[in-house]
There are 2 protein chains.
Amino acid sequence: MPLYEAKAELFRLLGHPVRIRVLELLQERPMPVRDLLAAIGVEPTGLSQHLAVLRRSGMVTAQRDGSTVVYSLAGGDVAELLRAARQLLTQLLTGQHELLSELLQAETKTR
Amino acid sequence: MPLYEAKAELFRLLGHPVRIRVLELLQERPMPVRDLLAAIGVEPTGLSQHLAVLRRSGMVTAQRDGSTVVYSLAGGDVAELLRAARQLLTQLLTGQHELLSELLQAETKTR
DNA sequence: TCAGCAATTGCGAACATTCGCAATTGAAGT
DNA sequence: ACTTCAATTGCGAATGTTCGCAATTGCTGA
């Protein structure tokens, strides 16, 4: 399997708000499903499905503790990826902002 | 719009092999569509659509030069994000590999 | 044993993405 | 003006994703 396909697959797995929130929350500390549920505010069934996706990808691990299930980030440096994403986002946004400014300025010049 | 939604959106946009390849290729140098087409090996119409996605997101920019259109990476540090993705991927894969080894070892022990 | 809570799974309907064909735009050569 | 090549856009069919309901599993406490 080519590397670029694996990358695309990874990004696709990250491409959902709930899954992003889960990863961000687990970055602080391991958490039982109950807490994730309360923090995110989504149907249990939906959360379970998103957790299953993350589990299958190996990004998080689950372990039962009594009747609750506690999720943790597995090994990899997810934080670094999220950080890079935030950085790129701000760069893209300021880029668009600059472009907009230029357009507005050109607009006023022609008047 | 919450930040985690923007991040998810960004990842979703990156979640396709062709778009990843385009970004990787543009990282080397700006390129006309023709070259991308030859390098990736996909229908022109499909490539155009993926390029449109990247354009709308502000990650790449296009400029006409005669009858050809040349694409370039726009400002943001896409490279950093792709690098982080590759790092995480290798970490995830070695993680799974270790897990597999443990399972196999446990298996042989019980025999 | 059984009632009850936590979390998950199976499944179907709604929704979004992707792909290729046909048609279109823009620029270059004749 | 007309043909040709490069790239894009408009669709529709096929495919994939997401969501909630109903049913299930695993565990705990009566």
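This one's a predicted model, so the numbers in the text were calculated from it and none came from an experiment. Note on naming: letters A, B, ... go to the chains in the order of the sequence lines (proteins, then strands), and numbering restarts at 1 for each one.
Here the P atom of nucleotide D:dT9 and the CG atom of B:L51 are 10 Å apart, to the nearest Å. In this structure, B:Y71 atom OH and D:dA7 atom P are separated by 9 Å, rounded to whole Å. Distance, B:R19 CZ to C:dT17 P: 9 Å, rounded to whole Å. For the pair B:L37 CG and C:dG20 P, the interatomic distance rounds to 12 Å; values are reported in whole Å. The distance from atom CG of A:L36 to atom C1' of C:dA7 is 12 Å, rounded to the nearest whole Å. Rounding to whole angstrom units, CD of residue A:Q63 and C1' of C:dT8 are separated by 17 Å. The nearest whole Å value for the distance from the CZ atom in B:F11 to the P atom in C:dA16 is 22 Å. Atoms CG (B:L47) and P (C:dG20) sit 12 Å apart, rounded to a whole Å.
Of the listed nucleotides (D:dT8, C:dA27, C:dA6), D:dT8 has the atom at the smallest distance from the side chain of B:R55. Of the candidate nucleotides C:dA6, C:dT9, D:dT8, C:dT9 has the atom nearest to the side chain of A:A52. Considering only side-chain atoms of A:Q49, the nucleotide from D:dT8, C:dT9, C:dA7 that sits closest is C:dT9. Ranking D:dT8, D:dG16, C:dG26 by closeness to the A:R12 side chain, first place goes to D:dG16. Closest approach to the B:R34 side chain among C:dC19, C:dT18, D:dA7 is made by D:dA7 (side chain taken as heavy atoms from C-beta onward). Checked against C:dC19, C:dA7, D:dC19, the side chain of A:H16 finds its nearest nucleotide in D:dC19.
Between B:S48 and D:dT8 there is a side-chain polar atom (N or O) within less than 4.0 angstrom of OP1 or OP2. Side-chain N/O atoms of B:H50 include one lying less than 4.0 angstrom from OP1 or OP2 on C:dC19.
In terms of heavy atoms, B:A85 sits closest to A:L81 at N-CD1, 3.5 Å. Closest heavy-atom contact between A:L51 and A:V60: O-CG2, 4.4 Å.
Using a 4.0 Å heavy-atom cutoff across all strands shown, B:T68 reaches sugar-phosphate atoms only and no base atom. Across all strands, A:G66 comes closer than 4.0 Å only to sugar-phosphate atoms, never to a base (heavy-atom distances).
One N or O donor and one acceptor, one from the side chain of B:T45 and one from the base of D:dT9, sit under 3.5 Å apart.
With A:Q91 contributing its side chain and B:G75 its backbone, the two residues share no donor-acceptor pair below 3.5 Å.
Where A:D65 and A:E43 each meet DNA chain D at their nearest nucleotide, the meeting point lying more 5' is that of A:E43.
B:H50 pairs in a side chain to side chain donor-acceptor pair (under 3.5 Å) with only one of the listed residues (B:R21, B:R55, B:R19), which is B:R19.
From B:L3, atom CG reaches atom CE of B:M1 across 9.0 Å, with rounding to the nearest 0.5 Å.
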